[in-house]
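Reading through the structure tokens given below for one structure.
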Amino acid sequence: MTQPAAPTSAPARRPQRVLTLQVNGEPVEVAAPSTWTLLEVLRYKLGLTGTKQGCDKGDCGACTVLVDGQPVLSCCTLAATVGDKAVTTIEGLPIRVGRAFDIAGALQCGFCQPGMICSAHALLSHKPDPSVSEIRAALSGNLCRCTGYTKIIEAVQLAAKDLGGHADLSTSELRTPVAYGPPAEGFLVLGARGRKADSIHKATGAAIYADDISLPRMAHGRILRSPHPHARIRRIDTRAAAALPGVFAVMTGAELPETFCVIPWTPDENVLCIDKVRYVGDGVAAVAAIDEETAIRACDLIEVDYEILPPVLDLDAAEAATALVHERDWKGRPRVDNLCKDVDLAFGEVEPALEGAAVTHGATYFYEGNTHAAIEPHCAVARWSPDGKLTVWSSTQVPHYLHRELGKVLGVPTSEIRVIQPALGGAFGGKSEPFDLEFCAAWLSRKAGRPVKILYTREEVFYSHRGRHPMEMKLRMGAAADGRLLAVDNDIRIDGGGYHSFGMITSYYAGQILTGPVRMDHYHFRARRFYTNKPCCGPKRGHGSVQPRFAFECGLDELAEKLGMDPMDIRRKNAMGSGERTVNGQLVPSTGLAACLDAVEKASGWKGRWGQQPRGRGLGVACSMYISGTAYPIYPNEMPQSGVQLLADRSGRITVLCGASDIGQGSDGMLAYVVAEETGILPDDVAVHSADTELTPVDLGAYSSRVTYMVGTAAQEAARAMGAEMRAALAAHWEIPADQVGKSLGFWFDKAESGRQMDTKAVLQLAEARAGTPLAASGGYRTRKVGGAYRGGTIGASPAYSTTAHVVEVEVDVETGIVKVLNVWVAHDCGRAINPVLVEGQVEGSVYMGYAEALMEAQTFDERGLHSGPNLLDYRIPTSIETPAIFTKIIETIDPGGPYGAKEAGEGPLHPIIPAIANAIWDAVGVRLRTLPFTPDRVLAAIRAQGAAAAPA
Amino acid sequence: MSAAPTPTPRAGGTDLMDRRRHGRHSGPLLDLLGVAPAVPVEITPWAPVLPAPAPATPAAGGPAGSAPVAAAPPAPPARMGLRIGAGVRIDALAHHPAVRAGFGGLAAAAGGLGTPQIRAQATVGGNLLQEVRCPYFREGLAAGHTPCLKAGGAACHARGGDHLFHACVDLGPCVAPHPSTLAAALLCWDAEVELDGDEVWPLARLLGAEADPRRTHALPAGRLLRAVRLPAAAPGDRSAYARAANRGRSEWPLVEACARLSVDPDGKVRAAAVALGGVANRPIRLPEVEAALVGRPLGAGLAEAAARADAAARPLPMTGYKRGLMVGCALDALERAAAAPPAPEQPA
Ligand SMILES: Cc1cc2nc3c(=O)[nH]c(=O)nc-3n(C[C@H](O)[C@H](O)[C@H](O)COP(=O)(O)OP(=O)(O)OC[C@H]3O[C@@H](n4cnc5c(N)ncnc54)[C@H](O)[C@@H]3O)c2cc1C
Ligand code: SF4
Ligand code: FES
Ligand code: FES
């Protein structure tokens, strides 16, 4: 261990070396430490922040730049070794490839894209007309977590056409009124395939993400983390660290004793541990220093005296309470067990129904935990100004909740705090609660009197986690001879990790969302979430309900098998209809299950192929339903859950202010569409400012697939109000009745007199003159009373539900156990598809993510609580090579309550792929896999066991 | 930690930089590929005529795989082998016409590893000398515990912990699979490595360092690997590479195999070489499989031979599944090799 001796000998700054580089066609001279990588020099010395850092160790490709035209990982390249070779970053590339990415809808969060576009550029410069497999191979070193690569591959093909002169994208400059397709019948823009509001900034490296922010005098923070899964902190000695030259501030947990949690009822976390550490990676102290290296060294100098305690590392140990993860709750009351939530709800009479069933199925399923692995690591920058005001820029998807908790923990009125969410490099639920780094950056900034930035390492991202809960599910179900689903019983144990997070909600979601779109007569579930000494789990895309859906949809196939039914038919037989109530009392205003099943059955050639292919090949089906927003806010209040304000400008532009977080899904673009639809201005003339607590009205955040439904409703209300003012002004001006005024894209007109029209800019000016004040409008989404009339009946209740069906085709190698997914057909009912490009992007991204959960990803820990591979190499997320071809069909079952009938697309489509793969493996090789992920070792073991069972004893 | 540490050579840096970031390496660096490269960066024809000097020290008691120690191999002087500079990028190796024509399995191994960016940056020398990727060794929080054997500690943590991706042929004490794909392929040609000072070792001597679990190769500190020497490909030689992975790219395979078949004009296998990577702390040859192939017509009895590929398997509790992969991968590589085009008469 490092000796905390002679801190005086430590230089505050590393020796610098002057380098001459050729960057983007110009010679530049920079002084940098000789150990700096090209990535550091580009980002932090030259301000070329378009090149991203996703792992800093060669695994993700986000830092790809071109060196003499070759794609190179700038994080593994020492700047000093580049010499006079030509370095080209995204900022220096011609715009054409980036534009094709924009037009193809290939950019979601955009974080992977500068590197991706560099690789694509290099490919196209030596292969002008690449095949799909050549594209996949060339991009295989660039991980993307959002898109499923589908639209990226299309974008490269489009760029090839453009560069080869077979398509001219330059004419589609951003000013074309309706982007790339006709709108839906009866609408001005809705339903048109359009660009995303911010894509081109992301495609050119101009978008600013949290780590791209650099403030004068900014210090770098670092959190010291526990190497033990469970230990009491006897003493922390920070003196040597504080004395190290270059260190500005050191903090420990005792300075911020207030507990917090995103769910206000269960505040069981401290910013930094005070009494105990509860998982490997739990924070114990933090420092701010002149640079990262000094901060790391300072952390090494902090001495923590731990009393090692026996860890609780699995569900059995947790239930047996071999040790207590929390000895007291947040009110100081002693605890006797590790149970952090127990939900037990029954609807109808399950046991008699099971007894009366013609066929039953019972099995235990295990869903391994996994994590979000957004390519952008969490990052926060905080500036505590001398006037006492605090500004925090954070890669969060819940600025409002962060705002509240910062106020609570720091003991500052929230009116003194401003939270800004810059461009966000992927989240998927992994950034939907406050994290230690935001509090620490703020507090260190106050102590140091300087702005402070903290950027997680990739390893810290894995340990911070808040991802998918491991769940063990004892499922029993029974059906009548005609296939009617009589009863379902699910006994669930949830491995929650060290803290509560959203745990209460998770426990409800685990049971409450399972009851559609497949109808059941009787239902009971019990969900118990336990604390363990592992990183805390939380919401990941499809929060809480992906795991039980896997068990249920596999079980449904087993019932079908016993009944001799086609798996399609058992789902059809029990399909709910629009306007029906689920057994647990949730009203489903619209559902397109039947249409979804028809679509995938037809597209996949199910009939004649299912059950009839040679051993090793198989098809599987599954379906699901998901909420479109959770009906109630996390803390009870009567205020709107979402607010939108519009400000019109004489120039003809409308500014949207909204607290919603665009996390790559495209909510900014959705807002632009809604405003354009109601006012006739072009989507490109809508300027969206979102997620800044000082400027924008509150929106609760990007979770539970609530944004399109709720923010869309608020935007619709505001835009309609503004449209009405425009209409009234024009009617008065032309002296005609208001209903005689019509609007089109770019202009308004007189319905009765052809040729009489006025462009939208003039109409806006007219309205402003008439109002005598700047033209403004606001709208809100107010809580609608839905849900069952029992305790917990409002959790999992939603104003609307999406429906999805998948058919998957797999190939299983019986010798090696390797499963290949060949094709995925998805039909997703999202209600009205406001911009189909964005819907497809969400569906493709969901499919990709679920595919990965089924076959490769696992967030597992060993007996010392250590992660089995906290990096993007050992934690396997799919590359462009193996991600299957995804065929998406959008089904639009117009919802009576959604804005224009819209529901959700961001999470629902993830659910069915996992059981569909399991069911397809059964069709291929006749084994039922009940433990995820289906890695070669497990598949092989199942096939062997089957062989052994078949062999005569 | 005494005075004047020897600088560590740095080639592409794709391995070394990662270790430094995780506190697994420190001290001064020597850049090999600066303006004046310190090691050759080309692939050149090479005639195996020089009588290879006897190795300075005999290979340190290596039990497995140590092929006959470099006693002068008088190959037909007319045919040329290849000398691959240690500074050659993996991508260049994969695309080099002479490598593709005469050593298809090696070219495929090079073209299949890592990612396009890694291949463009990483070098042949660095690939052979890279460190294991075991998370217990690499990751920061794991390193905060007592260090493992490889890091100078007393115990291997993977053995009692998570070792799903570790060795299935337990040659101990470290059970992290040898990380080099190229090493596995090169073993099939009994390649030699050339060190600075014109010393030549058989490749097998370089790989693995049983005496010291902290080391993954036997190159003494301060020495440079200059080049890899491949003997001439005989006409009729065919070779191929196969990997089993559950992610297409950007990971180490679970198991990988390279196979080389030398075929006589009468269509019978004269000599066979099959090597596996990913299964032990150094790549291994499969003498049982090789013996079963010699004398058989090309393409015959492949499955029967490959069935012996797990002869050496000594799995850990979690790696039993790799047995099947050893067989499957060896068979895959053999089938591909049997179907591969033969090396041309006159290597390009
Ligand atoms: C995502 C990813 C996937 C990968 N997949 C694979 C894979 O499937 N198969 C595989 O084999 N590898 C794989 N790799 C590893 C990669 O191939 C190695 O990191 C690379 O080959 C190392 O080469 P380098 O030139 O960058 O070595 P460096 O990092 O520069 O050096 C590595 C080591 O070798 C020493 N060294 C280098 N050259 C010399 C020399 N000439 N003389 C003496 N010492 C020298 C250095 O001192 C250092 O200790 C992968 C890496 C990543 C990031
Ligand atoms: S396998 Fe090797 S590197 Fe991994 S813990 Fe054991 S000794 Fe260390
Ligand atoms: S940041 Fe360089 S590869 Fe991830
Ligand atoms: S768009 Fe690729 S990671 Fe988000």
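Numbered from 1 within each chain, the chains take letters A, B, ... in sequence-line order. Owing to the predicted nature of the structure, the values given are computational and were not obtained by experimental measurement. Both backbone and side-chain heavy atoms feed into the values below; hydrogens, waters and symmetry mates do not.
- Only the side chain of B:L254 comes within less than 4.5 Å of a heavy atom of chain A; its backbone N, CA, C and O stay farther away.
- For a residue to count as touching a neighbouring chain, one of its non-hydrogen atoms must lie under 4.5 Å from one of that chain's; by this rule B:D91 touches chain A with the side chain only.
- Looking at A:N142, both its backbone and its side chain come within 4.5 Å of chain B, counting heavy atoms on both sides.
- Counting heavy atoms from C-beta outward, B:M17 and A:L78 have side chains that approach closer than 4.5 Å.
- Only the side chain of B:L164 comes within contact range of chain A, with heavy atoms under 4.5 Å apart.
- Heavy atoms closer than 4.5 Å to chain B are found in the backbone of A:Y875, but not in its side chain.
- Across all non-hydrogen atoms, the minimal contact from B:P116 to A:A138 is CG-O, 3.7 Å.
- Chosen from B:M318, B:R133, B:R20, B:Q121, the residue pairing most often with chain A at heavy-atom distances under 4.5 Å is B:Q121.
- Closest heavy-atom contact between A:C76 and B:R10: O-NH2, 3.2 Å.
- Residue A:Y463 touches chain B through its side chain alone, counting heavy-atom pairs closer than 4.5 Å.
- You'll find the side chain of A:S119 reaches within 4.5 Å of the side chain of B:Q117, heavy atoms only.
- Looking at heavy atoms from C-beta onward, A:T81 lies out of side-chain contact with B:L33 at the 4.5 angstrom threshold.
- For chain B, the nearby part of A:R944 is the side chain; its heavy atoms alone come within less than 4.5 Å.
- Atoms CZ and NZ, on B:R138 and A:K57 in that order, are 7.0 Å from each other to the nearest 0.5 Å.
- The candidate with the highest count of non-hydrogen atom pairs below 4.5 Å against chain B, out of A:E863, A:E459, A:E815, A:E460, is A:E459.
- A:D813 does not touch chain B: none of its heavy atoms, backbone or side chain, sits under 4.5 Å away.
- Two residues are said to be in side-chain contact when any heavy atoms from C-beta on lie closer than 4.5 Å; B:T14 and A:L73 fail this criterion.
- A:D862 is listed as a side-chain neighbour of B:Y136, based on a closest heavy-atom distance under 4.5 Å.
- When all heavy atoms are compared, the tightest approach of A:R876 to B:F165 is NH1-CE1, 3.4 Å.
- Of all the listed residues (A:N871, A:L855, A:V819), the one sharing the greatest number of non-hydrogen pairs under 4.5 Å with chain B is A:N871.
- With a threshold of 4.5 angstrom between heavy atoms, A:T860 approaches chain B through side-chain atoms but not through N, CA, C or O.
- Using a 4.5 Å cut-off between heavy atoms, A:T37 contacts chain B through its side chain alone, with no backbone atom that close.
- Rounded to the nearest 0.5 angstrom, A:D59 CG and B:T115 OG1 are separated by 9.0 Å.
- In terms of heavy-atom proximity, A:I818 sits nearest to B:A244 at CD1-CB, 3.9 Å.
- Of the two parts of A:S868, the backbone and the side chain both hold a non-hydrogen atom closer than 4.5 Å to a non-hydrogen atom of chain B.
- The most heavy-atom pairs under 4.5 Å with chain B, out of A:P936, A:P870, A:G83, A:P71, come from A:P870.
- When side chains are defined from C-beta on, B:Y321 does not count as touching A:T816, because their heavy atoms never get closer than 4.5 Å.
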